[in-house]
There are 2 protein chains.
Amino acid sequence: MSQTVDRALSILPLLAEGPADLGQVADRLGVHKSTALRLLRTLHEHGLVYRQSDQRYRLGARLFALAQEAMENLDIREIAHPHLVRLNEDCGHTVHLAVYEDDEVLYIDKVESRYPVRMYSRIGKPVAPTVAAVAKLLLADLPEAERRALAERLDYPQYTARSTLNATAFLRELEQARERGWATDLGGHEESINCVAAPIRGADGRVVAAMSISAPNVVVTAEELLTLLPLVRRTADEISGEYSGRAPVPHPSV
Amino acid sequence: MSQTVDRALSILPLLAEGPADLGQVADRLGVHKSTALRLLRTLHEHGLVYRQSDQRYRLGARLFALAQEAMENLDIREIAHPHLVRLNEDCGHTVHLAVYEDDEVLYIDKVESRYPVRMYSRIGKPVAPTVAAVAKLLLADLPEAERRALAERLDYPQYTARSTLNATAFLRELEQARERGWATDLGGHEESINCVAAPIRGADGRVVAAMSISAPNVVVTAEELLTLLPLVRRTADEISGEYSGRAPVPHPSV
DNA sequence: CTGGTGCGTTGCACATTTTGCAACGATCGT
DNA sequence: ACGATCGTTGCAAAATGTGCAACGCACCAG
């Protein structure tokens, strides 16, 4: 807990909301203007913050570069990508890859169903953890204590009538996902969108990532989407096998 | 210039190279392990750094989220995107959107080619400033003093036989780009890839971004690509108009 | 043209924060 | 089971960051 660094880093989410001038930053940090100035200067030297022509500050270019490099270093992503593309070619729907990290679930790769890509557009954005199919699989694999603590800590926004209601219901869903080895989100986030997801496991059997197929009701019904489940699970298992370094892996004995 | 913050931020590019343990971080920072530990802890609390299961550190999730939000707040990008998509539909090639910021040129949007052969580039990745067509336009608009200083400061890697040779040649290219209002990269970065680019201007006439079409020789020759120049320029002008506020935009006049 | 207001910026003295040390504890491999 | 390696903690010294007050500058109104 370094106070100075803590203050400096607090500026970043603040600027993520939009550009701000020195006074605003100082106010929201609760420090003197001169202090805020020095912090901003340091951030600026590192390219994390940019000073636009009207002298206001906003997030800087290096942030993109860093996020980019970080992404490239995720080897699950490297390995999985060709499989995701192939799955997309087979079924035509949107394919997602997600990981869990520090109370958050986030997409790290995506293959669009519609146009030839606009990659990284939503990649990196945190996912609604209580409803997303991939989130259920990732959280279901946490140690029980942590899982329960997290379930209590989360909010349960009612995006739709089918959204997960509360911690109890959520834990039940996680249990089911863990037993079955797959999960769904049937209109829990957006009324007309369904997903089916399968876990990707490392050599030790722990879930390291999860992938899903998403499609709107207008294209395929939930029942039709469920028929793709074997395809998703097979793809996930192939990725698991490759990630573990071994040849195609057997079914996790459940 | 805050020493503590400076050290903490220096950790980020270091971890961007790949995961590292505490000792490695401390060594490369030139500080004591306990110091590095506290810095890493602070970064961790802010989600910029993640501690993986083997206890090594790597860049964290919030970095993605921040980069994401920063991207969404760039209104040039918002405005330009549909135009880029349309241009891509018309010509089929890869379309890029780039901005200049603090000595760096970087892509902030991209629409992939419909052709199987795609060029390698990534949103958020810094662009080779001495050869890229978009870079020439962006740098050509800098004030003369700054432009010359920058030209001297840059390296001139000889990616190919056609890469810009040195500062003098570069400044000449910038001058030409400024006069013509467009620029090209004919095999200057990768032997077989050509680009044509046009500038996007704000209400005051300053160049705020640049866009380009890129295509490999095997798909279209440089001459053929140049025939698309009017299309690129028209699209760029449309975006300029909309960005400047005086154009068919959602909100009517007030 | 002039006086005033709001903003970013600088030098400085104080003290709070950070630092390196050394010792502890855990984990892993032999 | 033992030693080596790595992460972690408390503490005293001091280096660093902090707030203050004054300055410069641009913009606006009188």
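Each chain gets a letter, A, B and so on, in the order its sequence line appears, and its residues count up from 1.
The interatomic distance linking B/L37 (CG) with C/dC21 (P) rounds to 16 Å, in whole Å. Rounded to whole Å, atom C1' of C/dT9 lies 13 Å from atom CG of A/L40. The distance between atom OH of A/Y57 and atom P of C/dC7, rounded to the nearest whole Å, is 14 Å. When the C1' atom of C/dG8 is taken as reference, atom CZ of A/R41 falls 9 Å away, rounded to whole Å. Rounded to whole Å, atom C1' of D/dC25 lies 17 Å from atom CG of A/D54.
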Please walk me through it: do B/R206 and B/D204 pass salt bridge (charged side-chain N to carboxylate O under 4.0 Å, His left out)? CA-CA 6 Å; B/R206 293 282 314 270; B/D204 55 359; 5.7 Å; no
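The two residues B/Y107 and B/A98 make their nearest non-hydrogen contact at CD2-CB, 4.0 Å.
End-to-end axis angle of the helix from C/dC1-D/dG30 to C/dT30-D/dA1, using five pairs per end and rounding to 10°, comes to 50°.
Distance check, rounded to the nearest 0.5 Å: CZ of B/R178 to CG of B/D141 gives 7.5 Å. Rounding to the nearest 0.5 angstrom, the gap separating the CD1 atom in A/I11 from the CG atom in A/L39 is 5.0 Å. Atoms CG and CZ, from B/L106 and A/R62 in turn, are 10.0 Å apart once rounded to the nearest 0.5 Å.
Under the side-chain contact (heavy atoms from CB on, under 4.5 Å) rule, A/E101 has a single partner from B/R51, B/Q52, B/R58, which is B/R58.
Ring geometry for A/F170 against A/Y156 counts as perpendicular: the plane angle is over 60°, on a 0 to 90° scale with 30° as the lower cut.
The stretch residues 22-45 of chain A participates, sequence neighbours left out, in these side chain to side chain donor-acceptor pair (under 3.5 Å) pairs: A/E17-A/R28.
Using a 4.0 Å cutoff on non-hydrogen atoms, the parts of residues 15-26 of chain B near DNA chain D are B/D21, B/L22, B/G23, ordered by number.
No donor-acceptor distance shorter than 3.5 angstrom exists from the side chain of A/S212 to the backbone of A/V134, with no hydrogens or angles considered. Although no hydrogens or angles enter the test, the distance criterion places no donor-acceptor pair under 3.5 Å between the side chain of B/D75 and the main chain of B/E78. Between the side chain of A/T164 and the backbone N or O of A/T130 there is at least one donor-acceptor pair closer than 3.5 Å.
A/D155 pairs by the salt bridge (charged side-chain N to carboxylate O under 4.0 Å, His left out) definition with nothing, not counting sequence neighbours.
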Can you give me the N/O atom pairs linking the protein to nucleotides 27-30 of chain C at distances under 3.5 Å, or say none if there are none?
none

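Among the atoms of the strands shown, only primed sugar atoms or phosphate atoms (P, OP1, OP2) are found under 4.0 Å from some heavy atom of A/R51.
When the shell of 6.0 Å around CZ of B/R180 is examined, it contains more than 12 heavy atoms from other residues, nucleotides or ligands.
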Do nucleotides 14-24 of chain D as a string where each nucleotide becomes B, S or -: B if the base has a protein heavy atom under 4.0 Å, S if just the sugar-phosphate does, - if no protein is that close. --SSBBB----
